Amino acid sequence: MPDVLIAYVRWIDAINRRVGRFAMYLILVLIGILLYAGVSKALFGVGPIWSVEMASFTLAAIYMLGGAYSLQTGGHVRMDLFYGEWSARTRALVDCLTVLGLLLYLGVLLFGAVESTAYAIDTGQHRPSAWGPPLWPIRLVMAIGIFLMLLQVIAIVIRDIAEIRGVRIP
């Protein structure tokens, strides 16, 4: 395998490991938001108007930024009827064929996310609620998460091609 491809795989793995670990810690932010809302409701009889939307935005950031890390660690659900019995080389070959659908899906998703983010920025779009936060920050986070997932899928394909050729990329 060319050194540039091995460097790409290691670089993307390192980025997504850091972003994924950051996303894990966002659960503490989510807990803090929900705890504050619950305590406010118990003590003052009314919770902050922003708590539900901020919690949902935080949760969206967790799963969008954690998606590439989950792919990297093999955490996604996989149909394992035959897959587990195959050799590593056969699994890599099948993955190289089936990844085309995933690449198409992520490409369309990324296009939509970028368009949606640009629209939210251009129009100053806000949530139609009492709090009314702007939508561009969470849409930007979603576009970044999809982009990182796309880069991780490409790294996985490179790793699978190396496996087919008998080379293991650590």
Side-chain angles (χ1 to χ4, degrees), residues 5 7-80 95-96 98-160:
L5 294 179
Y8 171 82
V9 170
R10 289 184 178 156
W11 185 69
I12 293 301
D13 283 352
I15 288 172
N16 284 329
R17 188 171 19 279
R18 285 182 181 90
V19 171
R21 298 256 170 97
F22 169 76
M24 282 189 228
Y25 288 110
L26 286 176
I27 194 73
L28 298 174
V29 173
L30 179 61
I31 290 169
I33 292 167
L34 296 174
L35 184 64
Y36 178 76
V39 169
S40 296
K41 179 90 168 154
L43 293 179
F44 307 117
V46 62
I49 62 171
W50 53 266
S51 62
V52 173
E53 285 173 319
M54 195 64 201
S56 65
F57 287 171
T58 305
L59 185 60
I62 291 168
Y63 69 77
M64 291 307 291
L65 294 176
Y69 181 70
S70 183
L71 265 176
Q72 181 184 46
T73 60
H76 285 281
V77 175
R78 180 179 298 224
M79 184 65 175
D80 197 13
D95 284 347
C96 282
T98 58
V99 77
L100 297 175
L102 180 57
L103 286 171
L104 177 66
Y105 173 73
L106 287 173
V108 170
L109 207 59
L110 181 60
F111 177 78
V114 169
E115 289 291 315
S116 180
T117 303
Y119 178 79
I121 292 170
D122 289 345
T123 62
Q125 189 177 22
H126 288 263
R127 288 262 311 143
S129 65
W131 180 37
L135 288 176
W136 71 265
I138 192 60
R139 289 190 179 167
L140 180 62
V141 167
M142 293 171 104
I144 290 169
I146 295 166
F147 181 67
L148 289 174
M149 203 177 304
L150 187 61
L151 293 178
Q152 187 63 48
V153 168
I154 293 168
I156 290 170
V157 169
I158 293 169
R159 188 174 271 124
D160 285 341

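The structure displayed is predicted, hence computed values, not measured ones. Starting from 1, each residue takes its place in the sequence as its number. Heavy-atom basis, side chains included; hydrogens, waters and symmetry copies ignored.
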Heavy-atom pair of closest approach, residues Cys96 and Val157:
SG-O, 4.3 Å
Tyr36 vs Pro48 side-chain heavy atoms within contact, under 4.5 Å
yes
Got more than 12 heavy atoms from elsewhere within 6.0 Å of CH2, Trp11?
no
Restricting to non-hydrogen atoms, name the atom on Ile138 and the atom on Ala61 that form the minimum distance, rounded to 0.1 Å.
CD1-N, 4.1 Å
Give the minimum heavy-atom separation between Ile144 and Leu65, together with the two atoms involved.
CG2-CD2, 4.3 Å
With rounding to the nearest 0.5 angstrom, report the CE to CG distance, Met149 to Leu106.
6.5 Å
Full working for side chain to side chain contact (heavy atoms under 4.5 Å, CB included) between Leu103 and Ile154
CA-CA 8 Å; Leu103 286 171; Ile154 293 168; 4.2 Å; yes
Run the side chain to side chain contact (heavy atoms under 4.5 Å, CB included) check on Ile156 and Leu71 step by step: do they pass?
CA-CA 9 Å; Ile156 290 170; Leu71 265 176; 4.2 Å; yes
Strictly distance-based, threshold 3.5 Å: is any side-chain N or O of Thr123 a donor or acceptor partner for the main-chain N or O of Tyr119?
yes
The reported gap from CG in Leu102 to CG in Leu150 (rounded to nearest 0.5 angstrom) is 8.5 Å
Shortest non-hydrogen contact from Ser129 toward Pro133
OG-CD, 3.9 Å
Derivation and outcome, side chain to side chain contact (heavy atoms under 4.5 Å, CB included), residues Val19 and Leu148:
CA-CA 9 Å; Val19 171; Leu148 289 174; 3.9 Å; yes
Rounded to the nearest 0.5 Å, what separation is found between the OH atom of Tyr105 and the CG atom of Leu110?
12.0 Å
Under 3.5 Å donor-acceptor, Tyr8 side chain and Leu151 backbone:
yes
When rounded to the nearest 0.5 angstrom, what distance separates CG in Asp122 from CD in Glu115?
9.5 Å
Please determine whether the number of non-hydrogen atoms from other residues, nucleotides or ligands lying under 6.0 Å from atom CZ of Phe147 exceeds 12.
no
May I have the step-by-step check of side chain to side chain contact (heavy atoms under 4.5 Å, CB included) for Leu30 and Ile27, ending in yes or no?
CA-CA 5 Å; Leu30 179 61; Ile27 194 73; 3.9 Å; yes
Nearest 0.5 Å, what's the CD1-CE distance between Ile146 and Met142?
6.5 Å
With distance as the sole criterion, is a donor-acceptor pair present between the side chains of Asn16 and Gln152 under 3.5 Å?
yes
My understanding is that only residues two or more places apart in sequence, or in another chain, count here; which of them pass ring-ring contact (aromatic ring centres under 6.0 Å, His included) with Phe22?
none
Below 6.0 angstrom between ring centroids: does that apply to Phe57 and Trp50?
no
Calculate, to the nearest 0.5 Å, the distance between atoms CG and CG belonging to Leu109 and Leu104 respectively.
11.0 Å
Between Gln125 and Leu135, is there a donor-acceptor pair closer than 3.5 Å when you use the side chain of the first and the backbone of the second?
no
Do you know which two heavy atoms are closest between Ala143 and Thr117, and how far apart they sit?
CB-OG1, 4.2 Å
Heavy-atom pair with the smallest gap, counting every atom of His126 and Gly132:
ND1-O, 2.9 Å
